[in-house]
There are 2 protein chains.
Amino acid sequence: MKLVKKANAHHHGALREALLAEAERVIDTQGLEALSLRSISRAVGVTHAAPTNHFGDLTGLLSELAADGLRRLAQHLHTAIRVAGPGLRERAHAMARAYLHFAIEHPGLLVLMSRSAHLDPTRPALREAMEQASRVLDDFADEIQKAKGVDPVRAAAERTALRALIHGYSALLIDGRLERTLAALPEGTTAESFFDVVLDVIDFP
Amino acid sequence: MKLVKKANAHHHGALREALLAEAERVIDTQGLEALSLRSISRAVGVTHAAPTNHFGDLTGLLSELAADGLRRLAQHLHTAIRVAGPGLRERAHAMARAYLHFAIEHPGLLVLMSRSAHLDPTRPALREAMEQASRVLDDFADEIQKAKGVDPVRAAAERTALRALIHGYSALLIDGRLERTLAALPEGTTAESFFDVVLDVIDFP
DNA sequence: ATCGGAAACTTTCCACTGTCAACTGTCCAA
DNA sequence: TTGGACAGTTGACAGTGGAAAGTTTCCGAT
């Protein structure tokens, strides 16, 4: 029965998902530059023009993939914050650690998300996913704002510092530019355990 | 006399520099993705295979360009630190501000430097330039180490935090992902002036 | 002075890419 | 039954980077 479906040359059945899965596999193992529309089509067993029906063009496919990644990241961060202890510092660390964890597990996906040149922000799925991810940070920012003094500039600065620190550390790590630093640390120190110390350079009350 | 030189079809004279200059122009105005070996060759008035003599392949050209950028950046940071006041905080801020300034003026170049997939680190010029740039940071790190307590892990964390914060803020800004944050700030606040406040989230003694 | 080779650039070719237009088969609803 | 809409295919096009081989120029050794 399945063979009949397989033999059908014009209805793959779940091509959209298959293409996204293959694209994510390539992007996380060989990197974004190694990905090509034609190669993933081949890997999925379909001709090179098939993806057009589902994604339009390459930036369309990448945008959907990025949207999916953003949704998962937002979910990941959200539960990390929710599960963490009550303190502001604990929650901030939990979120940051969750982000780093995601970056280590899906390096290509994270690179893709921060490469606006390859994405089409007018796609509804991407736009929504970006807003969903922002909302996690914004909610947390509100918390900081409430907990600390109400100087709005200072609050924005703290939020931005946290964001920049997380993004910067992840990017440096993924790009292999922390290797020397990590190698000089005491035996057994991992990128993740060191990140906790780095985060403490920002003081949360 | 010059016309004779110009008419010479086989000796451009300064092709190497011309190619690098054109590549930098494209990269800083249209972005890294818009650059192609053939287009810059055309712009310089030479066939597409000419660059091979000077750079080998595309990653060769990009590596030389990145090396040049790194040298200039290192120089820029070095003088910023040297010129700044005596305090540790002043010097750190001066360096960070210089970095951001460079990022704003040469966004494409900065992106290129942090995209290891396009670079060939075995090229001597690149390797040297990377070490030169690292040295600026390392020297400054030693200063921090001396000025503050001698816990090496804590010192490494502070250095890394500063690095990640600078890199992260620049990357977010270049990618246009700070626009909403900046728009919500008081009138007249620029990305650069706000950066000073962000940097203060890390406390230097 | 010239001869030989190295350096610099051109030409030609190849494999590959993304995008487009035209076609074919399949399924479902009027 | 028939007519689209959907989901693929096929084939062409312009563009890319790279390799190979040919051409022109220069320059140093003899």
Side-chain angles (χ1 to χ4, degrees), chain A residues 1-23 26-27 30-66 112 115 117-120 122-123, chain B residues 1-23 26-27 30-66 112 115 117-120 122-123:
Chain A
M1 292 302 154
K2 279 179 205 158
L3 280 182
V4 175
K5 283 251 170 190
K6 274 267 175 181
N8 183 330
H10 287 84
H11 285 89
H12 178 284
L15 180 56
R16 196 192 136 90
E17 284 68 29
L19 286 171
L20 286 175
E22 172 65 13
V26 171
I27 229 174
Q30 277 113 294
L32 179 54
E33 332 290 334
L35 182 140
S36 98
L37 213 41
R38 287 172 113 107
S39 76
I40 65 174
S41 300
R42 246 171 323 206
V44 164
V46 102
T47 55
H48 66 272
T52 304
N53 300 305
H54 300 276
F55 303 105
D57 61 2
L58 178 59
T59 76
L61 187 149
L62 293 179
S63 297
E64 296 297 319
L65 189 54
L112 173 63
R115 189 93 43 112
H118 294 171
L119 304 178
D120 175 10
T122 70
R123 294 227 157 207
Chain B
M1 290 300 159
K2 277 180 205 158
L3 279 180
V4 174
K5 283 251 171 189
K6 273 265 173 181
N8 184 329
H10 287 83
H11 286 88
H12 179 284
L15 181 55
R16 197 193 134 90
E17 285 67 30
L19 287 170
L20 286 175
E22 172 64 14
V26 171
I27 229 174
Q30 277 112 296
L32 179 54
E33 334 288 336
L35 182 139
S36 96
L37 213 42
R38 288 172 113 106
S39 76
I40 65 173
S41 299
R42 244 169 323 196
V44 164
V46 103
T47 55
H48 70 273
T52 304
N53 302 304
H54 300 277
F55 303 105
D57 61 4
L58 179 59
T59 76
L61 188 150
L62 292 179
S63 297
E64 295 298 319
L65 189 54
L112 173 63
R115 191 117 8 136
H118 293 175
L119 304 178
D120 175 10
T122 70
R123 294 225 157 207

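A note on names: the letters A, B, ... follow the listed sequences, proteins ahead of strands, and every chain is numbered from 1.
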Q. CD/A/E33 to CD1/A/I27 distance, rounded to the nearest 0.5 angstrom?
A.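 Between A/E33 CD and A/I27 CD1, I get 9.0 Å after rounding to 0.5 Å.
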Rounded interatomic separation in angstrom, taking [atom1] from [X] and [atom2] from [N]:
{"X": "B/E17", "N": "C/dA8", "atom1": "CD", "atom2": "P", "result": "11 Å"}
{"X": "A/R16", "N": "D/dG8", "atom1": "CZ", "atom2": "C1'", "result": "17 Å"}
{"X": "A/E33", "N": "C/dC16", "atom1": "CD", "atom2": "C1'", "result": "16 Å"}
{"X": "B/I40", "N": "D/dG17", "atom1": "CD1", "atom2": "C1'", "result": "12 Å"}
{"X": "A/D57", "N": "C/dT19", "atom1": "CG", "atom2": "P", "result": "5 Å"}
{"X": "B/D120", "N": "D/dG17", "atom1": "CG", "atom2": "P", "result": "17 Å"}
{"X": "B/L15", "N": "C/dT10", "atom1": "CG", "atom2": "C1'", "result": "13 Å"}
{"X": "B/L35", "N": "D/dG15", "atom1": "CG", "atom2": "C1'", "result": "14 Å"}

Q.
Heavy atoms only, 4.0 Å cut-off, all strands: where does B/S36 land among base, sugar-phosphate and nothing?
A. sugar-phosphate
Q: Pick base, sugar-phosphate or nothing for A/N53, based on heavy-atom distances below 4.0 Å to the nucleic acid.
A: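 If one applies the 4.0 Å heavy-atom cut-off, A/N53 turns out to touch a base.
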Q | Phosphate-side-chain proximity, A/R42 and C/dT17, N/O vs OP1/OP2 below 4.0 Å | A | yes
Ignoring the backbone of [X], work out which of [options] is nearest its side chain.
{"X": "B/H54", "options": "D/dA20, C/dC9, C/dC20", "value": "C/dC9"}
{"X": "A/L58", "options": "D/dT9, D/dG18, C/dG18", "value": "C/dG18"}
{"X": "B/H48", "options": "C/dT11, C/dC9, C/dT19", "value": "C/dT11"}
{"X": "A/A49", "options": "C/dC9, D/dT10, D/dG8", "value": "D/dT10"}

Which atoms form the tightest heavy-atom contact between [X] and [Y], and what is the distance?
{"X": "A/T47", "Y": "A/S41", "result": "O-CB, 3.7 Å"}
{"X": "A/L20", "Y": "A/L61", "result": "CD2-O, 4.0 Å"}
{"X": "B/A18", "Y": "B/V44", "result": "O-CG2, 3.8 Å"}

**Q.** Earlier contact from the 5' end, DNA chain D, for A/R38 and A/G45
**A.**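 Going by which nucleotide is closer to the 5' end, it is A/G45.
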Q | Sidechain-backbone polar pair: B/T59 side chain, B/D120 backbone, donor-acceptor under 3.5 Å | A | no
